[in-house]
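Encoded as structure tokens, the structure appears first; notes follow it.
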Amino acid sequence: MLKTDKKFPLAIAVVALMLGISLSAAQADDDREEGYRSAGNSDKHGGKYGGENRGSSLQTIQANAKWKQECSNCHIAYVPGLLPAESWRKLMAGLDKHFGSDATLDASDAKEITAYLVDNASNRWRAPTAPLRITESAWFKSKHDSHEISPAVWKNPRVKSPANCQACHSGAEKGDFSEDKVRIPK
Amino acid sequence: MFRYSSAFVWLGVAAMGLTTLPAFAQTPNEVLATLKTAAAGEPNFQEFSAARGEQFFKVKHGKEWSCTSCHTDNPAAQGKHADTGKAIQPIAPSANAERFTDMAKVEKWFKRNCNDVLGRACTPQEKGDVLSYLLTVKK
């Protein structure tokens, strides 16, 4: 009885501590990026990457279950903060021709998932652009240009495509893209 | 205090029990029967045929992909998405108990995949033939 009583607060404390650590790690990564290459990246739209910047926080702390379930059948469920709201609206309106495949959903699922994506879209996208491919955004290209990532990496069958975030970012599905966790497969 | 703690534990156990219970609404044979009802109403209906289903599953239908492009030649094996490379669990019910147990899911995926493979919806006859074939595949 004594044991049970003591374990409870301990378990809560451990969970809280872990949450705190992961949150602050994400924050730290973000802060580092803010300073990184800030010169030369601001322009008429304001903000880095010509205004095509991913959200300040990508971690899916409260992931929508429908989104998780429906968007991870053929690829990982890409976290909403990777694109601006308008991209998600366009993408969800064209699921019958989703990058060459039919990915249609029933109307109620589509509505719920669109709302989740739009509500959690990038909060730092200032440009009037709305690409459908994450890889077409300026922040993505800048982070993955040939100075950062050797072109040979993309040819590695274990990477296969820049759409396979999780090949190098093991925490991609949770929105964890911190640079210190990147592991490029050999 | 003890009472509260044990109540929490039991609540947790009950919640886990609920989420791990297999919630299969239908059996694959019930799904097949539903398809048969739909197919029987069409002109030129023939009894479902596993052989015809196998042929349908393995050939291309005028587009880039066949069913096997993602599900492989062996429906009991793990497949791989032809574009993204993401793993696809086996499609044969013998190898994957979740398959063909939810009519809405079955129709959702037939609609998508028939569009990708044939550029049109599949007929109930074609769906029934394919499921008849998949039901003959041993693990």
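Just so you know, these numbers come straight off a predicted model, no measurement behind them. Labels below follow one simple rule: chain letters A, B, ... track the order of the sequence lines, proteins then strands, and each chain is numbered from 1.
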### Contact origin within N113(B) toward chain A - heavy atom pairs under 4.5 Å
neither
### Task
List, by chain and then residue number, the residues other than I88(B) in its hydrophobic cluster (Ile/Leu/Val/Met/Phe/Trp/Tyr, side-chain heavy atoms under 4.5 Å); write none if there are no others.
none
### Message
If the contact rule is any heavy atom under 4.5 Å from chain B, which residues of residues 98-107 of chain A qualify, in numerical order?
### Response
F99(A), G100(A), S101(A), D102(A), A103(A), T104(A), L105(A)
### Test: E86(A) and K90(A) ion pair at under 4.0 Å
no
#### Entry: Lys/Arg-Asp/Glu bridge criterion (N-O < 4.0 Å) met for K181(A), D176(A)
yes
### Task
Would you check if the side chain of D119(A) reaches a backbone N or O of A121(A) as a donor-acceptor pair within less than 3.5 Å?
no
### Query
Hey, what do you get for CE (M92(A)) to CG (L95(A)), rounding to the nearest 0.5 Å?
5.0 Å
### Message
So that I can tick it off, tell me whether K141(A) and E136(A) are bridged by a salt bridge, with the cut-off set at under 4.0 angstrom between side-chain N and carboxylate O.
### Response
no
### Task
Output the residues of residues 66-76 of chain A for which the shortest heavy-atom distance to chain B is under 4.5 Å, in residue-number order; output 'none' if no such residue exists.
E70(A), S72(A), N73(A), C74(A), H75(A), I76(A)
### Query
Residues sharing F110(B)'s hydrophobic cluster, by side-chain heavy-atom contacts under 4.5 Å among ILVMFWY, directly or via others?
V31(B), L32(B), L35(B), F45(B), F48(B), F56(B), F57(B), W65(B), I91(B), F100(B), M103(B), V106(B), V117(B), L118(B), V130(B), L131(B), Y133(B), L134(B), L135(B), V137(B)
### Message
With a 4.5 angstrom heavy-atom cut-off, is it the side chain or the backbone of K108(B) that approaches chain A, or both, or neither?
### Response
side chain
### Task
Check each of W88(A), Y78(A), F140(A) against L83(A) using the side chain to side chain contact (heavy atoms under 4.5 Å, CB included) test, and report the only one that passes.
W88(A)
### No-hydrogen, no-angle side-chain donor-acceptor test under 3.5 Å, T129(A) and E52(A)
yes
### Query
So does E126(B) pair up with R52(B), basic N to acidic O under 4.0 Å?
no
